[in-house]
Trainee: 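I'd like to ask some things about the structure below.
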Amino acid sequence: MNTDVFAAYESNVRRYGRSFPTVFKKALGATIWDEAGKPYIDFLVGSGALNYGHNNPNIIAPAIEYLVGENILLSLDMYTVAKREFIEVFVDSILKPRGLSYKIQFPGPTGTNANEAALALARKYTGRSSVMAFTNAFHGMSLGSLAVSGSASTRELGGVARHDVIRVPYDGYPTQAFDSASYIDYVLSDPGSGIEKPAAIILETIQAEGGLNTASAAWLTEIQRICRKHDVVLIVDDIQAGAGRTGEFFSFEFAKIAPDIVCLSKSLSGSGSPFSIVLIRPDLDIWNPGEHSGTFRGNNLAFVTAGAMCKMWSDRQFTAGVERTADKLQRHLDSLVAKFPKCIEQKRGRGLMAGLKCRSQAVVGRVHDVAFENGLLIESSGPNRDVIKVLPPITITDEELDHGIAILDHALKEQANGN
Ligand SMILES: *Cc1c(COP(=O)(O)O)cnc(C)c1O
């Protein structure tokens with residue numbers, strides 16, 4: 001496999017290319033092939049950006065039709081037919097059936113663009129500068145987003161001051177015995193706490209990069225109550241956990257909350273094409289025209305593919321299939337936990353956003369390498385990189401899922417026997 005050009009010319013910053021040292025060429029569904037024709041099952045899925053699999057025909061067919069028709073591709077934030085159709089289908093297939101009402105902001109195409117817009121709006125709306133963010137959070141690599149992220153290495157990257165962030169413990173941090181929601185309520189109520197009232201609380205319902213830590217429905221409900229009580233904007237960063245990853249469209253549906261602002265990106269286009277939106281409680285939408293902008297707010301090909309993805313959520317057969325796949329994945333992981341106690345400490349995550357907390361980073365590293373050799377792509381997460389992320393496409397077939405799990409089982413068995 002010729003990787004010379006990457007070593008010679010691509011920046012030292014490259015990572016996944018090093019951990020999967022081959023050259024990929026083709027992909028369909030949950031399978032990705034390298035140049036030599038070797039297939040791999042993809043449990044990495046673009047870090048949650050390919051929830052609907054590679055080249056999902058329901059999503060790609062309308063894109064191909066759109067591309068050959070001399071249709072608009074880039075439109076800033078002008079009105080286009082593709083954008084009108086996306087808004088209509090998003091409202092009808094996603095928001096209305098869930099009883100949600102939001103205005104939609106189209107920021108730049110990345111997840112961090114959406115978070116920056118959300119933070120800026122919350123600060124403008126409340127006139128306050130600080131934001132509460134959680135231990136082990138990850139919100140992106142631009143300055144405002146990395147300021148609210150938890151990881152020391154991420155935060156240091158900016159190389160400049162990261163003010164105006166109040167770090168608070170996530171659900172279950174440092175242990176399940178600590179009631180972090182009560183703590184937050186208490187410090188916001190106590191004039192002697194030394195903690196000023198923030199503009200917003202920003203959270204992930206499952207901390208993907210933070211190690212698949214999950215927030216309970218009770219905790220999320222309590223955080224929403226606290227935000228309302230103290231007049232603080234609740235921002236849910238649903239960039240990785242949303243767009244179907246947990247088995248529901250939004251990751252917070254199970255808790256029956258309605259955040260003030262929701263950020264979506266990653267799998268939102270359904271195709272891997274960059275696209276993000278910020279959902280804003282209507283009375284909070286106090287932007288002045290043109291006050292926030294970005295060149296790539298009008299990626300019309302993404303409007304088309306995202307619309308096709310949203311339509312799938314109106315199909316009962318599709319949603320039932322996703323639920324069934326989520327159950328099947330959870331059962332597979334339960335059996336791996338039971339089988340390999342020497343390697344695995346516990347199952348993490350929820351629905352199809354799952355992981356295995358292992359005994360050490362070394363175990364995860366070796367499982368990753370053996371899995372890759374045998375045709376499975378997985379990645380690690382968590383502050384100590386000792387959690388195996390298991391993120392198959394939510395549309396994965398039973399055969400592909402079973403095959404991927406069998407490769408993982410084999411890699412874990414080698415470690416368990418070697419220990
Ligand atoms: C990936 C991710 C982001 C950042 O998205 P980018 O497109 O990489 O800017 C923000 N928040 C969460 C939870 C993410 O997983």
Side-chain angles (χ1 to χ4, degrees), residues 13-16 43-51 105-120 122 131 133-151 153-155 157-158 162 165 170-171 200-215 220 234-246 249-252 259 261-279 292 294-297 299 302 306 348-355 379-383 385 387 389-391 394:
V13 77
R14 66 196 190 280
R15 172 159 83 99
Y16 288 117
F43 280 6
L44 165 71
V45 292
S47 212
L50 291 160
N51 286 355
Q105 178 181 356
F106 297 90
T110 65
T112 199
N113 289 144
N115 281 339
E116 294 281 357
L119 293 167
V131 171
F134 291 95
T135 49
N136 284 314
F138 178 76
H139 297 295
M141 298 304 280
S142 57
L143 265 190
S145 300
L146 60 85
V148 285
S149 294
S151 150
S153 60
T154 301
R155 290 169 54 68
L157 251 182
R162 297 158 296 270
V165 176
Y170 192 67
D171 192 11
I201 292 183
I202 183 167
L203 64 85
E204 302 152 90
T205 69
I206 301 177
Q207 296 183 316
E209 300 314 305
L212 278 312
N213 311 310
T214 55
L220 291 166
L234 175 59
I235 302 172
V236 170
D237 172 350
D238 225 10
I239 288 166
Q240 189 161 164
R245 177 43 59 191
T246 63
F249 186 82
F250 295 107
S251 72
F252 53 82
I261 299 182
V262 180
C263 297
L264 287 170
S265 185
K266 286 214 163 84
S267 281
L268 179 63
S269 73
S271 64
S273 190
F275 181 37
S276 72
I277 57 176
V278 184
L279 302 176
H292 193 278
T295 305
F296 292 107
R297 285 170 295 164
N299 177 357
R348 290 265 179 94
R350 190 155 58 74
L352 287 142
M353 188 152 189
E379 82 171 313
S380 61
S381 82
R385 303 221 77 83
V387 179
K389 257 176 111 180
V390 184
L391 264 66
I394 67 171

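Counting starts at 1 for both ligands and their atoms, in listed order. What you are looking at is a predicted structure, and each value in this text was computed from that prediction instead of being measured.
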Trainee: Between Glu204 and ligand 1, find which residue part has any heavy-atom pair under 4.0 Å and reply side chain, backbone, both or neither.
Mentor: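 Answer for Glu204: side chain.
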
Trainee: Please list, in number order, the atoms of ligand 1 under 4.0 Å from a heavy atom of Thr110.
Mentor: 7 (O), 9 (O)

Trainee: In this structure, which one of Val262, Leu234, Thr246 forms a side-chain contact (heavy atoms from CB on, under 4.5 Å) with Phe252?
Mentor: Val262

Trainee: Compare every heavy atom of Ala354 with every heavy atom of Leu391, then report the nearest pair and how far apart it is.
Mentor: CD1-O, 4.0 Å

Trainee: Under 4.0 Å, heavy atoms only, figure out whether ligand 1 is touched by the backbone of Asn115, its side chain, both or neither.
Mentor: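 For Asn115, the contact with ligand 1 is made by the side chain alone.
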
Trainee: Flag atom 7 (O) of ligand 1 as yes if some protein heavy-atom distance to it falls below 4.0 Å, otherwise no.
Mentor: yes

Trainee: Which of these, Leu220, Val148, Asp238, sits in a side-chain contact (heavy atoms from CB on, under 4.5 Å) with Leu203?
Mentor: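 Output: one option passes, namely Leu220.
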
Trainee: Could you grab the distance from atom OG of Ser381 to atom CZ of Phe138, nearest 0.5 Å is fine?
Mentor: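 Answer for the OG-CZ pair, Ser381 versus Phe138, is 11.5 Å.
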
Trainee: Enumerate the atoms of ligand 1 whose separation from the nearest heavy atom of Gly111 is less than 4.0 angstrom.
Mentor: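 Once the distances to Gly111 are compared, the set is 5 (O), 6 (P), 7 (O), 9 (O).
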
Trainee: Specify whether Phe134 and Tyr170 have parallel, tilted or perpendicular ring planes, treating 30° as the upper limit for parallel and 60° as the lower limit for perpendicular.
Mentor: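 Geometry flag for Tyr170 against Phe134: perpendicular rings.
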
Trainee: I need the Asn136 CG to Ser151 OG distance, nearest 0.5 Å.
Mentor: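 Rounded to the nearest 0.5 Å, the CG-OG separation comes out at 8.5 Å.
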
Trainee: How far is atom 1 (C) of ligand 1 from the closest protein heavy atom, and which atom is that?
Mentor: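 Going by distance alone, atom 1 (C) of ligand 1 is nearest to Lys266 NZ, 1.5 Å.
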
Trainee: Pick whichever of Asp238, Leu146, Thr205, Asp237 has a heavy atom sitting closest to atom 12 (C) of ligand 1.
Mentor: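 Selected option, by shortest heavy-atom distance: Asp237.
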
Trainee: Going by the order shown, which atoms of ligand 1 are within less than 4.0 Å of some heavy atom of Thr112?
Mentor: 4 (C), 5 (O), 6 (P), 9 (O)

